[in-house]
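Report on the following structure.
We count ligands from 1, going down the list as the structure has it; atoms in each ligand are counted the same way.
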Amino acid sequence: MKRILSGIQPSGKLHIGNYFGMMQTMIRQMESADLYVFIVDLHALTSVHDRERLRKGTLEAAADFLALGLDPERCTFWVQSDVPEVCELTWMLSTITPMGLLERCHSYKDKVAKNIAPSHGLFSYPVLMAADILLYQAEIVPVGKDQKQHLEVARDIAIKFNNTFGETFVVPEPAISGSTAIVPGLDGQKMSKSYGNTIPIFMDEKPLRKVVMSIQTDSTPVEEAKDPETCNLYALLKLFASPEKMAEVHDLYVNGGAAYGYLKQDLFELINDYFVDARAKKKDLLNNLDYLREVLAGGAEKAREKATVTLDLARDRIGLKY
Ligand code: ADP
Ligand code: TRP
């Protein structure tokens, strides 16, 4: 069984980009993989400095995964900071990470351009992410396309460590799903919590309708032909509609007759139906925080067992065991 690992930041409400880019892929692998799923609260600290928001975000992200079908009995599911070994490994890895490797990361530059404070933590974010992956000897890491470069950094760090100190870490492979590699947001840019252009997974019906209706489209008249490949509404519909429905929609785009208003209404109904059960389940979970905390504590214990073995090996290789 392959060990598959991925994490998500609790820095805002999880959205359908997160769902199709990562969560659904992970949940589907429960039967066939040794699955590690975690909520990266230490990473979220690079952009969230608000105690209540972080606490609530962490619990909500946990509830989101469980509501969407993740079974904590059939995977290891925990909160990153509950396994402090990751911080020690981060430091070890930092000392062999070339500055140039981090300086080349787009994500840092993009986040600073979006007004996230350029802290040392934000700059060294990929090293903590590498530690997340290497600590559990993960073989495969499913992420959205935006994380591809971070995975390359993790691989480079693993290879450098192994070359310097001897075989220690598994060199991880990214798994990026083609069809949903980048889910567009309301404005057509990548859907992202930090861009304020998201469709949250668990939005109630009324606000959901409003958000879907606000998807930006061009002003091509209904009867004119439109290019489906460049339309964000079309890309979003494709995630939820059946192949038959999409064939009809495709026809309307190519031959004229696609009315954005009606298509948005269709999309709203499809999204609403898709998540209706999970939404109810999430409400139940948030009414039972003791249960949620118990699940996370159990997950942290399992994760920590694995983490201590790897950290011990790394300490030994590096010369910290005397
Ligand atoms: P955000 O950009 O909203 O802050 P994160 O960076 O926390 O999202 O991403 C969590 C996971 O969801 C990552 O695996 C990421 O690649 C994936 N992801 C985020 N946004 C999208 C998107 N628009 N399309 C596809 N995958 C996405
Ligand atoms: N940086 C990732 C993101 O923003 C989250 C993350 C942190 C992660 N550690 C990870 C993803 C380890 C995969 C594996 O999406």
Side-chain angles (χ1 to χ4, degrees), residues 3-27 35-48 57-58 60-61 64-65 68 76 78-81 83 86-87 89-90 93 105-108 110-111 114 116 121-155 157-158 170 172-201 232 235-236 238-239 303 307:
R3 178 162 302 137
I4 302 189
L5 168 147
S6 197
I8 200 156
Q9 291 195 62
S11 51
K13 292 210 179 298
L14 299 187
H15 52 76
I16 60 176
N18 298 138
Y19 179 69
F20 287 103
M22 189 278 240
M23 301 168 87
Q24 187 195 49
T25 321
M26 292 300 276
I27 292 167
L35 196 68
Y36 282 64
V37 185
F38 59 127
I39 296 161
V40 296
D41 55 347
L42 296 173
H43 277 107
L45 274 178
T46 57
S47 61
V48 180
T58 302
E60 279 214 33
D64 288 355
F65 266 106
L68 289 165
T76 306
W78 77 105
V79 175
Q80 184 187 31
S81 66
V83 182
V86 74
C87 296
L89 183 60
T90 300
L93 301 181
C105 286
H106 313 298
S107 170
Y108 174 77
D110 291 351
K111 286 178 177 172
K114 296 276 173 195
I116 296 182
L122 190 68
F123 184 71
S124 60
Y125 180 112
V127 187
L128 176 59
M129 180 158 162
D132 278 338
I133 298 168
L134 306 185
L135 189 58
Y136 301 98
Q137 305 285 22
E139 295 168 270
I140 299 176
V141 184
V143 283
K145 205 173 178 176
D146 57 312
Q147 294 297 315
K148 191 166 171 258
Q149 192 180 34
H150 285 162
L151 254 293
E152 279 157 14
V153 171
R155 285 172 58 84
I157 294 177
V170 170
E173 297 282 343
I176 296 160
S177 64
S179 58
T180 55
I182 291 196
V183 176
L186 302 173
D187 54 1
Q189 283 193 77
K190 175 199 133 138
M191 185 177 290
S192 171
K193 283 168 238 135
S194 28
Y195 303 165
N197 63 356
T198 69
I199 304 179
I201 302 173
N232 49 333
L236 289 166
K238 219 160 116 183
L239 296 170

Below 3.5 angstrom, do we get any N/O pair linking [X] and ligand 1?
X    : result
P142 : no
S192 : yes
M22  : no
I8   : no
S11  : no

What I want to check is whether the side chains of Q80 and D132 have a donor and an acceptor closer together than 3.5 Å.
yes
Without hydrogens or angle criteria, can the side chains of T58 and D41 be said to hold a donor-acceptor pair below 3.5 Å?
no
Check ligand 1 against [X] and write out every atom of the ligand that is under 4.0 Å from a heavy-atom position of the residue.
X    : value
D146 : 15 (C), 16 (O)
I182 : 24 (N), 25 (C)
Q147 : 16 (O)
M191 : 20 (N), 21 (C), 22 (C), 23 (N)
K190 : 2 (O), 19 (C), 20 (N), 23 (N)
V143 : 14 (O), 16 (O)

Distance under 6.0 Å and angle within 45° of the ring axis: does K111 meet both against F123?
no
So, for P172 and V141, which heavy atoms are closest and what is the spacing to 0.1 Å?
CB-CG2, 4.1 Å
Name of the residue among I133, L35, T76 meeting side-chain contact (heavy atoms from CB on, under 4.5 Å) with L5
I133
Distance filter under 4.0 Å, heavy atoms only, around ligand 2 gives L5, S6, G7, Q9, F38, V40, H43, Y125, M129, D132, I133, V141, V143, Q147
Under 3.5 Å, side chain of [X] to main-chain N/O of [Y], donor-acceptor pair present?
X    : Y    : result
E139 : R3   : yes
Q149 : H106 : yes
N232 : L186 : yes

For M191 and L236, run side-chain contact (heavy atoms from CB on, under 4.5 Å): C-alpha distance rounded to whole Å, both residues' side-chain angles, the deciding distance at 0.1 Å, then the answer.
CA-CA 11 Å; M191 185 177 290; L236 289 166; 4.3 Å; yes
Heavy atoms only, cut-off 4.0 Å: how does N18 contact ligand 1, side chain, backbone, both, or neither?
both
Against ligand 1, does H15 come closer than 4.0 Å with any heavy atom?
yes
